[in-house]
Protein chains: 2
Amino acid sequence: MARGPDKQFDPEEVLREAMCLFWAKGYAATGLAELQSAMGIGRKSLYDTFGNKRQLFLKALQLYSETVASRVVTELGRKGSALGNVRRLLRKLQREHSQPQSTGCLLGVSMAQFRTADPEMAAVLRLHLSHVEEAYYGAFKRARAAGELGSTTNLRDLARLYMAIHQGLALIGRVQDVPAVPRSIVSAALAILESA
Amino acid sequence: MARGPDKQFDPEEVLREAMCLFWAKGYAATGLAELQSAMGIGRKSLYDTFGNKRQLFLKALQLYSETVASRVVTELGRKGSALGNVRRLLRKLQREHSQPQSTGCLLGVSMAQFRTADPEMAAVLRLHLSHVEEAYYGAFKRARAAGELGSTTNLRDLARLYMAIHQGLALIGRVQDVPAVPRSIVSAALAILESA
DNA sequence: CCAAACATAGACCGATCGGTCAATAAAAAA
DNA sequence: TTTTTTATTGACCGATCGGTCTATGTTTGG
């Protein structure tokens, strides 16, 4: 048997480029021409490697989800004060979503575009949301054990609220160029924890 | 001078149909064929009346914004307890965004699709956000005057947080079919007010 | 050296996109 | 009625869409 030449590109690397393009422009507004230009590969290679546009997007979505989710988990799982971790993470998000060219969250953008129409797509989105929720829930549970949170607050509800704030912040950061708004949102979100 | 026949349709009525379609499917995914079918008018009439697809969408966006914003203002401006108004509004939102076919918020969907790339579009989105923010701010200010809110809380921050929760809830409701999640979000959001 | 197996570039496909235009119908002013 | 203005319809336009396929390397096993 014979073997041809190896791929001249790293699939994950070009996938990351595609992800960034989808992230900034959305699914429908991103054409194949732009994609192959940003990815730096020919169209045949694209289809041979990723199937089609929808599958490429799904893979990009999963890559994004893994990247973001693992980051949230890591940030919230650090040693030390669990509430301190939450505060640090939210302040970072605030800074990121205050930048004028902030593209928000690819997951959020995608939720807006597909809804439950595409089951496979919806599954990825739901899974990601639950990952974020669990990360916050774990942090809050640890905070309570450490006496950082009162015993009356419903931690599951609180975690879901933070997930919503997380997404809302990203969404608003996409359109709002005034840094004061994200700052307010995060400040108020953190103030909750002081009296909870 | 002579005058021809009047329009055989009500522009605002067909605009509302277009709005619903954009709402459910997003801008790019909604084609002219679908639009003229849903609106029940010919293509020439569509272009004569609304300009082009983008302008049609802008008009739909403004119609939606007016509808929603005026509703929020009305709900939060009712007589009686200001915090009671906030609670009632959030419970209503919870119910709406728990329904499986919830399409979320057209403004949120649009934020995800255009960002600041289109200045005119971004202006409508920002204006809407500020309307919602002001409605909440007014309610909170009234609540403080009535002694329903402590004097330490920053009301501007709180209003912006509620705006973010408002949008986040709508976004998540689009993809999440489990009613427990919106319920949790709203419960936790209302719990904030108890100790603020 | 040859041939099988691979990857590449880019021409090419039908379908659909947003947008325009000519032909027809209809109604009011003269 | 005749004329003028308007609305409606549906054919039509070039451009672009996502997707395929052929022609051309290029590399490795025989």
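Letters A, B, ... mirror the listed sequences (proteins, then strands); counts begin at 1.
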Fill in: Toward the 5' end of DNA chain D, by each residue's nearest nucleotide, A:Arg54 or B:Gln36
B:Gln36

Can you check the [X] [atom1] to [N] [atom2] distance for me, whole Å?
X       : N      : atom1 : atom2 : value
B:Leu35 : C:dG19 : CG    : C1'   : 13 Å
A:Glu34 : D:dT16 : CD    : P     : 12 Å
B:Phe50 : C:dG18 : CZ    : P     : 16 Å
A:Phe9  : C:dC6  : CZ    : P     : 15 Å
B:Leu21 : C:dG18 : CG    : P     : 11 Å
B:Ile41 : D:dT6  : CD1   : C1'   : 15 Å
A:Phe57 : D:dG18 : CZ    : C1'   : 16 Å
A:Leu56 : D:dG19 : CG    : C1'   : 13 Å

Worksheet item: Under 3.5 Å, is there a donor-acceptor pair between the side chain of A:Arg126 and the main chain of B:Val175?
Response: yes

Can you figure out which of [options] approaches the side chain of [X] most closely?
X       : options               : value
B:Lys44 : D:dG10, D:dT20, C:dT8 : D:dG10
A:Asn52 : C:dG19, D:dG19, D:dT9 : D:dG19
B:Leu32 : C:dT8, C:dG18, D:dG19 : C:dG18
B:Tyr47 : C:dG18, C:dT8, D:dT9  : C:dG18

Discussion item. Counting the atoms with a prime plus P, OP1 and OP2 as sugar-phosphate, which does B:Lys53 contact under 4.0 Å by heavy atoms, base, sugar-phosphate, or nothing?
Written reply: sugar-phosphate

Discussion item. By the 4.0 Å heavy-atom rule, please label A:Thr49 as base, sugar-phosphate, or nothing.
Written reply: nothing

Worksheet item: Are B:Ser45 and D:dT8 close enough that a side-chain N or O sits under 4.0 Å from OP1 or OP2?
Response: yes

Practice prompt. Please say whether more than 12 non-hydrogen atoms of neighbouring residues, nucleotides or ligands are located less than 6.0 Å from CD in A:Glu194.
Written response: yes

Discussion item. Tell me if the side-chain of A:Arg43 makes a donor-acceptor pair with the base of C:dG10, cut-off 3.5 Å, by modelled atom types.
Written reply: no

Item to complete: Give a yes or no on whether the ring-centroid distance for A:Phe140 and A:Tyr162 is below 6.0 angstrom.
Response: yes

Worksheet item: Angle class for the B:Phe57/B:Phe114 ring planes (parallel below 30°, perpendicular above 60°, tilted otherwise)?
Response: tilted

Discussion item. Ring of A:Tyr27, cation from A:Lys53 - is the NZ or CZ under 6.0 Å from the centre and inside 45° of the axis?
Written reply: yes

